[in-house]
Amino acid sequence: MDLSLTEEQTMIQDMARRFAETELAPVAAKLDKGSDREVFLANLKQLADLGFMGLNISAEYGGTEAGVVAFSVAMTEIARACASTAVTMSVTNMVAEVIQAIATAEQKRTYLPGLCGGDSPAGSFCLSEAGAGSDPAGMRTRAVRDGDEWVLNGTKMWISSAEYAGVFVVWAVTDPELPRGKGISCFLVEAGTPGLTIGKAEEKMGQHASSTNSVIFEDCRIPDTALMGVLNDGYRIAVEELAGGRIGIGSLALGLGLAAMDYARAYITERQQFGKPVSSMQGPQWMLADAYTELEAARLLLLSAASLKARGEPFMKQAAMAKVYATEAANRACYTAIQLTGGIGYTEECPLERYARDARVTSIYEGTSEIQRVIIARELLREL
Ligand SMILES: Cc1cc2nc3c(=O)[nH]c(=O)nc-3n(C[C@H](O)[C@H](O)[C@H](O)COP(=O)(O)OP(=O)(O)OC[C@H]3O[C@@H](n4cnc5c(N)ncnc54)[C@H](O)[C@@H]3O)c2cc1C
């Protein structure tokens, strides 16, 4: 099996690495303090100009057509420098992919060029609610037909990029009489639509530069043409698109784990204790070996899931395996890196505490680790 990257994938990886090192890494700590929205948005625009907001989107609609593997490796490079930028890139690519998958040609022409080209700084994926996180089929947001309009009412929770998104992909119950998960549809809502309010910004443990808010719909009227895909078939779409999104989040986590361990590896070769470098001691060497082995395994799982998706083959199980493994390995790597660097690793003198805070949510959003295991087991049993 040849797992090497193509020339184009390597070029995109290099481009992402250069951009991350020159533009993102120098400001990431400052952005973590949450104070510089303009710089953050300018970086998103530059990412779009490089083609990173529509990596798997057709060129006809402004995308790069670079494919899923390129998306995965680019995501890892961006996350090595700034996880907040990376998650915005991941969700925006996912929103663009939902539109590409089910929207009409007119809807694609209206929304995709803006998302891919950066005129719309980001897209938001509005699925979760206060009472419906792991179980989104339990959502209560309603969309009711009124003449040639839909009227949305309800509140979405923890929505990434809501403060600066140009377009929101929103799931709502359209037929409460149908069995759970069957009467849900998907809508496109533009920022600034009357009745759409961006609610409280969450104070988070990490990924501070990326906004996370509630999104409130109060008699929010959207036209008939805002319905995306088939009426009452939206839940299936959410489940399918989340599988692709998990490749993005796993790749993001891998970037954080690698950044943390690369920092610790360099540090222990310099740091002297007992008259010799810490890297010459067998205990730290084993920690190094275990962390990099896990991260390499994560990389291979991600490549496997991305390749399956790129070939149009089923990838639900592999994406869940890659996400649960990569995010948990990355969390362990961040803590190992802090352990290897000792006291200074716990302080803001070095970026490890930020990486560890940023990594924590990767095993929660886009499906918790437990939900990934539920999916993996379900797929395994289905294969019998
Ligand atoms: C920073 C951030 C950004 C986010 N961005 C978005 C976004 O852009 N769009 C969006 O729609 N959502 C977003 N979310 C929401 C996120 O996807 C949910 O928080 C996540 O899916 C978990 O749902 P929950 O918080 O309701 O936890 P719950 O579902 O209440 O889970 C609580 C615990 O129960 C466990 N659990 C639940 N069900 C099972 C089960 N069947 N088996 C075993 N264990 C189970 C969970 O694993 C977890 O440990 C974001 C969340 C955060 C924190």
Side-chain angles (χ1 to χ4, degrees), residues 32 34 79 82-98 115 121-141 152 154-173 180-181 184 186-187 189 191 198-217 234-235 237-246 248-250 252-253 256 319-320 323-324 327-328 331 354 357-379 381:
D32 178 56
C82 180
S84 291
T85 305
V87 72
T88 313
M89 172 177 150
S90 186
V91 175
T92 301
N93 272 275
M94 181 166 64
V95 165
E97 285 201 34
V98 182
L115 274 178
S124 274
F125 189 92
C126 301
L127 184 69
S128 303
E129 298 181 5
S134 298
D135 178 23
M139 71 176 60
R140 307 191 55 169
T141 296
L152 285 173
T155 299
K156 296 292 176 179
M157 284 297 289
W158 311 295
I159 302 305
S160 300
S161 309
E163 287 180 10
Y164 34 84
V167 62
F168 299 75
V169 171
V170 182
W171 279 266
V173 175
R180 266 172 72 78
I184 291 172
C186 184
F187 298 90
V189 185
I198 308 307
K200 184 171 88 65
E202 301 297 342
E203 300 284 343
K204 297 175 295 188
M205 176 179 178
Q207 302 197 356
H208 288 150
S210 144
S211 77
T212 309
N213 299 66
S214 55
V215 175
I216 303 144
F217 300 94
Y235 183 68
I237 301 305
V239 169
E240 281 175 15
E241 295 303 328
L242 277 171
R246 286 174 190 136
I249 300 304
L252 183 163
L256 282 167
K323 200 233 179 206
V324 70
T327 59
E328 293 188 356
N331 272 284
R354 170 164 56 87
R357 286 187 286 103
D358 285 352
R360 187 61 191 89
V361 73
T362 61
S363 53
I364 295 173
Y365 58 22
E366 296 199 22
T368 63
S369 285
E370 292 72 33
I371 292 302
Q372 304 311 315
R373 291 183 169 91
V374 168
I375 294 168
I376 295 164
R378 186 192 64 205
E379 295 295 313
L381 295 169

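For ligands, and for the atoms within them, numbers begin at 1 and follow the listed sequence.
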Exercise. Testing E202, E203, E163, K204 for side chain to side chain donor-acceptor pair (under 3.5 Å) with T212, which one passes?
Worked result: K204
For this session: For the pair M94 and V169, evaluate side chain to side chain contact (heavy atoms under 4.5 Å, CB included) and give the outcome as yes or no after the intermediate values.
Result: CA-CA 10 Å; M94 181 166 64; V169 171; over 6 Å; no
For this session: Measure the shortest side-chain to side-chain distance between F125 and W171 over non-hydrogen atoms and say whether it is less than 4.5 angstrom.
Result: yes
For this session: Can you tell me which residues line ligand 1 if we count any heavy atom under 4.0 angstrom from one of its atoms, in chain and number order?
Result: F125, L127, S128, G133, S134, W158, I159, S160, K204, T212, V361, I364, Y365, E366, T368, E370, I371, V374
Exercise. Which pair of heavy atoms, one from H208 and one from D32, lies closest together, and at what distance?
Worked result: ND1-O, 2.7 Å
Exercise. What's the spacing between N213 CG and Y164 OH if we round to 0.5 Å?
Worked result: 8.5 Å
For this session: Mind listing the closest non-hydrogen atom pair of K323 and T362 along with its distance?
Result: NZ-O, 2.7 Å
